[in-house]
2 protein chains.
Amino acid sequence: MATIRDVAKAAGVSVATVSRVLNETGYVHEDTRKRVLEAIKQLDYSPNEVARSLFKGESRLIGLLLPDITNPFFPQLARGVEDVMQKQGFRLIFGNSDENAEKELDYINTFMQNHVMGIVSATYKPGNTNYRNLPIPIVFLDRTSDGNPSVYADGKEGGRIAATEIIKRGSKRVTLLKGPEHIRPALDRFQGALEVLSGSKVDFYVMTTNSFSFQDAKKWANELFVKYPDTDGVIASNDIVATAILHEALRLGKSIPQELQIIGFDDIPQSSLSFPPLSTIRQPAYDMGKEAARLLIKLIKKEKIKKKNIQMPVTFVERNTTREVDEHG
Amino acid sequence: MATIRDVAKAAGVSVATVSRVLNETGYVHEDTRKRVLEAIKQLDYSPNEVARSLFKGESRLIGLLLPDITNPFFPQLARGVEDVMQKQGFRLIFGNSDENAEKELDYINTFMQNHVMGIVSATYKPGNTNYRNLPIPIVFLDRTSDGNPSVYADGKEGGRIAATEIIKRGSKRVTLLKGPEHIRPALDRFQGALEVLSGSKVDFYVMTTNSFSFQDAKKWANELFVKYPDTDGVIASNDIVATAILHEALRLGKSIPQELQIIGFDDIPQSSLSFPPLSTIRQPAYDMGKEAARLLIKLIKKEKIKKKNIQMPVTFVERNTTREVDEHG
DNA sequence: TTGAAAGCGTTACCAG
DNA sequence: CTGGTAACGCTTTCAA
């Protein structure tokens, strides 16, 4: 690896000059600039980011904290973050916390030790103190933490929409799945749906599902039909669970959506590939990731921020686990 | 942020001593050790990794290069890599190449600039020169590159198994989907299946699908039944495509697996949630990731390596898009 | 317009 | 057992 000194020597100038042309800072004669550029090319030199980072106390690194990249919702967020960071010359250090505060803290610490310029975190849980007085900006993604910048979807509204749509389409005995208590968006959805359901005249059951994993999803699906065999509408806590429920319903010989309607949350890519394709409340995950990255960059550059809490809209994606609405109903 | 000097001052010793207790290198009296530890705790000091990295020319960073984290196969690999790296104190810088050599090179360069100790790459394409004479170890994951360490599944055998099983279960007009030419595992699967099909007495069609994306998968599925409406067995290029085909077949009213058998590749988590659940050739993605991480660490530590090319076994996961084999057939 | 040199926070070597 | 100090590769004054 060539160093700046090698370049200086090759170009017959001082390291200071090389540094100047590298950073386009200060005056440097056009001729010497050319010589330096030439030398750089010859030696295939590229500056050592670590040395740079040490001197400036800065870097081109961003920390990305996810609960679990294996959950299909998060890769989309991650990709959104990465795509804009990449274009801006930032690289991501990433870690999965498994919603575990210790692991999370461990990552945050090493992020700091590596001079990251900011953090995007999708793992905040209420009460968590890991983010207290961090000297760098942090934006929460998919989650919120009071007072901190964040990008998230309107979960409550999503819940309302889900309940409204399923009722509008004729379900009379709705089962509402409540996601993990400590995951804010899950709680929001639940509350939104609960609000509408409570105010309606349909019967409904609430069933708690305290995880989102593939493994457990099957368990919830199974449990659901044992407990509430007569349910004719399910508002699932996310698309994975919804898919598991669809699977189980089909296995039990129920016709979808005639006997049973199902609405999921998230609109992960595979949801349109189930059969029948899943009706769901869509979160614009990729765009949320991008938005979060943009916000963080502004924060890092200390630019003026209009809104530091960005709420993204959710939409009902009508596919075929819900019936068509009867206009004359 | 406290520095080592602050700690030294607080403990009334020299930075050299602090460094010694930090790294447990060289002698230091138990009493002073305690004083230093105390000061470290008081100041909430933790060593600056950047300075460390600059001095040692090393770091605790690993580069991870993926084609696209949004494809559900890769998060599993990534998680495997991360889990063992995490335990060993390594952090990941990660990037998606989109199978684009320039983007790939860009990432590799910044990896180097950040002193990563090694790279795990799942994006190699034949002919790619981006990895030529890198001064650090690299292990290819899911791909191979002649001479370089790698961890991959036995795609060819997977293809053979898929063809054998589908024939054994009675398909007479098999459609074999050929994945992207430049993706080695896809090619291997294809060749393995082709080998068995060619040697059998069933008819078969070959259809080329040059991507693995969700978007395109639907297109292939559609095309398939237009071109080969009489096919009664599909060997898909991966589970995403298989799911899309299952979807389309169901949409067309075909009964699965009676009229049409489908076998996928990978066994991504959602494959067991389709209905009917997808029969597939499983790759142990998570374990492959772990294996790759372990191999890379050994390489970094310059430990003796038994095998630098690790082939992982594939297995037929019999679910319900294939019929039961007729023992008396 | 250019160069010398200090310093970013560590580690490792050499004396003592 | 401990301390002083050079060095890692870079950027940034300060002088020239």
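Computation of the quantities below employed the complete heavy-atom set of this structure, encompassing side-chain atoms and omitting hydrogens, waters and symmetry-equivalent molecules. Below, chains carry the letters A, B, ... as their sequence lines are ordered, and counting in each starts from 1. Since the model is a prediction, treat every value here as computed from it, not as a measurement.
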* Asked: Are the side chain of B:Asp6 and the backbone of B:Thr3 linked by a donor-acceptor contact shorter than 3.5 Å?
  -> yes

* Asked: Within the structure shown, what part of the strands sits under 4.0 Å from B:Thr32 by heavy-atom distance: base, sugar-phosphate, or nothing?
  -> sugar-phosphate

* What nucleic acid atoms does A:Val50 come within less than 4.0 Å of, heavy atoms only: base, sugar-phosphate, or nothing? -> nothing

* Structure fact -> From the candidates D:dT11, C:dG3, C:dT10, the one with an atom nearest any side-chain atom of B:Arg52 is C:dT10

* To do: Nearest whole angstrom, please: distance from the P of C:dT10 to the CE of B:Met1.
  => 10 Å

* Protein-nucleotide distance (A:Asp6, atom CG; D:dC8, atom P), rounded to Å -> 11 Å

* Using atom CG of B:Asp31 as one end and atom P of D:dC1 as the other, report the distance to the nearest whole Å. => 10 Å

* Are the side chain of B:Ser59 and the backbone N or O of B:Ser53 linked by a donor-acceptor pair below 3.5 Å? -> no

* A:Asn130 side chain to A:Ala101 backbone, donor-acceptor under 3.5 Å -> yes

* Asked: Of the nucleotides C:dT10, C:dG9, D:dC10, which has the atom closest to the A:Asn48 side chain?
  -> D:dC10

* Terminal helix-axis angle for the helix from C:dT1-D:dA16 to C:dG16-D:dC1, with five pairs defining each axis and rounding to 10 degrees -> 50°

* Find the distance A:Glu49:CD to D:dC10:C1' and express it as a whole number of Å. => 10 Å

* Whole angstrom is fine here: how far is it from NZ in B:Lys9 over to P in C:dG9? => 12 Å

* For A:Arg5 and D:dC10, give me the distance from atom CZ to atom C1', rounded to whole Å. => 9 Å

* Can you check whether A:Gly80's main-chain N or O pairs, donor with acceptor, with A:Asp83's side chain at less than 3.5 Å? -> no

* Tell me whether the guanidinium CZ or amine NZ of A:Arg143 lies under 6.0 angstrom from the six-membered ring centre of A:Tyr124 and within 45° of its axis. => no

* Backbone N or O of A:Asn96 within a donor-acceptor pair of the B:Glu82 side chain at under 3.5 Å? -> yes

Protein and nucleotides 12-16 of chain D: nitrogen or oxygen contacts under 3.5 angstrom:
none

* Asked: What integer distance in Å separates B:Ile40:CD1 from C:dT10:C1'?
  -> 13 Å

* Asked: Is it the case that A:Asn128 and A:Glu104 place a side-chain donor and acceptor less than 3.5 Å from each other?
  -> yes

* Asked: Side chain of A:Asn114, backbone of A:Thr110: donor and acceptor closer than 3.5 Å?
  -> yes

* To do: Send over the distance from A:Arg60 CZ to D:dT11 P, rounded to a whole Å.
  => 13 Å

* Asked: Hey, what do you get for CG (A:Asn48) to NE2 (B:His115), rounding to the nearest 0.5 Å?
  -> 3.5 Å

* State which of C:dT1, C:dG3, C:dT10 makes the closest approach to the side chain of A:His29. => C:dT1

* Want to settle it: does B:Val13 or A:Val18 sit nearer the 5' end of DNA chain D, counting the closest nucleotide to each? -> B:Val13

* To do: Compare side-chain N and O positions of A:Tyr27 against OP1 and OP2 of C:dG3 and report whether any pair is under 4.0 Å apart.
  => no

* Give a yes/no on whether any side-chain N or O of A:Thr17 is located under 4.0 angstrom from OP1 or OP2 of C:dT2. => no

* Asked: With ring centroids as reference points, do A:Phe140 and A:Tyr131 lie under 6.0 angstrom apart?
  -> yes

